[in-house]
Amino acid sequence: MDQISNKKKIIIIITITVVVLSIVGLSIYGLVGGNTVNDTNSAQDDSSTPQNSQTIQQDVADMNTSVQKESVDYQAVKDAYADKARIKLAE
Amino acid sequence: MKTIRHIYTLSIKKTSLFMIVAATVLIGTQSVVGGTAAAVTMMNQDKQTAALIASASDEVQRRIDELKKSGEELEKATFISDKMKNDTIAENKAVQKTFTDLQQKLKGATSLADAQTQVKELEKLYASYQMSNVKTTSLTNSDSQTDAKNNLEKTAGTIKSDIGKAKSEGKDTANAEDMLAQITSLIVSVTAVIASVQALITSLIAGDIAGAVKIMENIVAQLGINSDVISSVSQSLGSLATITGSFNIGA
């Protein structure tokens, strides 16, 4: 009888622990997630302040696009130079 | 005595007959075996020839496809001179034609020796293929580096203008100005490297294989260094844009 009661106690303790940890975990996740969203928003707010140059965002976007293309094109040069797909033929 | 002689004569005759039959059978068998061996050798050679032609055709087609692809990319270039672009595309197409011609010769190869001759030619043409392909892709890359450089300059100009406005409002812009000065000097280096790489690309002539190999290595290395600098300048300008955004000019 005592053994059954002990088992019940252990199960109750484990259940409570799991529930508490879940709540704590979700809260932390919510806080971090919320902060990330807020950070992104505040960064956007800063950059879109009307008094600052409005062209900067477009300039940065154009710059990033061209830099990405440059990186792809350089990879093509490396591939052409290494030419790993070459079929070497025994004469 | 007569009987012994008779037996002896008979046995000689039998042996002779046996030997004639055996020799006939042997000669017949040898000719069949020889004929079969020749047929097998012929079949093996046909298979070998077909396999060699198939592999060589695949390699020829691969080279044509690679050259076509790099040529089409270069067609889209907008910042390099028309002369550089057109000359390189013409050279690319001329090299493609050598492979198209070789493809036809391979199709017409009827013997193993013939196929081997074409394969030797294919291997000999490798350097001109690689040279032309590296030259074409390098010029495209040089064009995209020029585009990226122009955009870096444009972004730096906008940031400079924002810093100027913030400074006129009495804000502390010293750190941002220092950062911008360093970035601007890197953009100047990028511009110089682009010019020197384009000169190297122009000097890369597909015919002069021995000298061109060194130049080709140099081009790939220089483009790589410039690519890294462009990427780091772009990141720095991105950070600087955020810093100047925090000045809240006019607020």
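Heavy-atom basis, side chains included; hydrogens, waters and symmetry copies ignored. All values reported here derive from a predicted model rather than from experimental measurement. To find a chain, count down the sequence lines: A is the first, B the second, and so on, and within it residues start at 1.
With no hydrogens or angles considered, a side-chain donor-acceptor pair links A:Asp59 and B:Thr158 at under 3.5 Å. Using modelled atom types, one finds no donor on one side chain facing an acceptor on the other under 3.5 Å when comparing B:Thr140 with A:Asp73. Under 3.5 Å, the side chains of A:Asp83 and B:Tyr126 contain a donor-acceptor pair of N or O atoms.
Residues B:Thr137 and A:Ala76 share a closest heavy-atom pair of CG2-O, 4.0 Å. Here the shortest heavy-atom pairing between A:Glu70 and B:Ser144 reads CA-OG, 3.5 Å. Closest heavy-atom contact between B:Ala148 and A:Ser66: CA-OG, 3.4 Å. The minimum heavy-atom distance linking B:Ser231 with A:Val67 is given by the pair CA-CG1, 4.2 Å. The shortest heavy-atom contact between B:Gln130 and A:Tyr81 is NE2-O, 2.6 Å. The two residues B:Ala56 and A:Leu89 have their closest heavy-atom pair at CA-CD1, 3.7 Å.
For chain A, no part of B:Glu66 is nearby; none of its heavy atoms comes within less than 4.5 Å. In this structure, chain A has heavy atoms under 4.5 Å from both the backbone and the side chain of B:Ile159.
Using a 4.0 Å cut-off between charged side-chain N and carboxylate O, B:Asp147 and A:Lys69 make no salt bridge. Comment: A:Arg86 engages B:Glu123 in a salt bridge, judged by a side-chain N to carboxylate O separation of less than 4.0 angstrom.
B:Leu237 has its side chain out of reach of A:Val60: every pair of non-hydrogen atoms, C-beta onward, lies at least 4.5 Å apart. Under the 4.5 Å side-chain criterion, counting only non-hydrogen atoms from C-beta, B:Val220 is in contact with A:Tyr74.
Of the residues considered (B:Glu73, B:Glu217, B:Arg63), B:Glu217 shows the highest number of contacts with chain A, using heavy-atom pairs under 4.5 Å. The choice from A:Asn64, A:Val72, A:Ile87 that makes the most heavy-atom pairs within less than 4.5 Å of chain B is A:Ile87.
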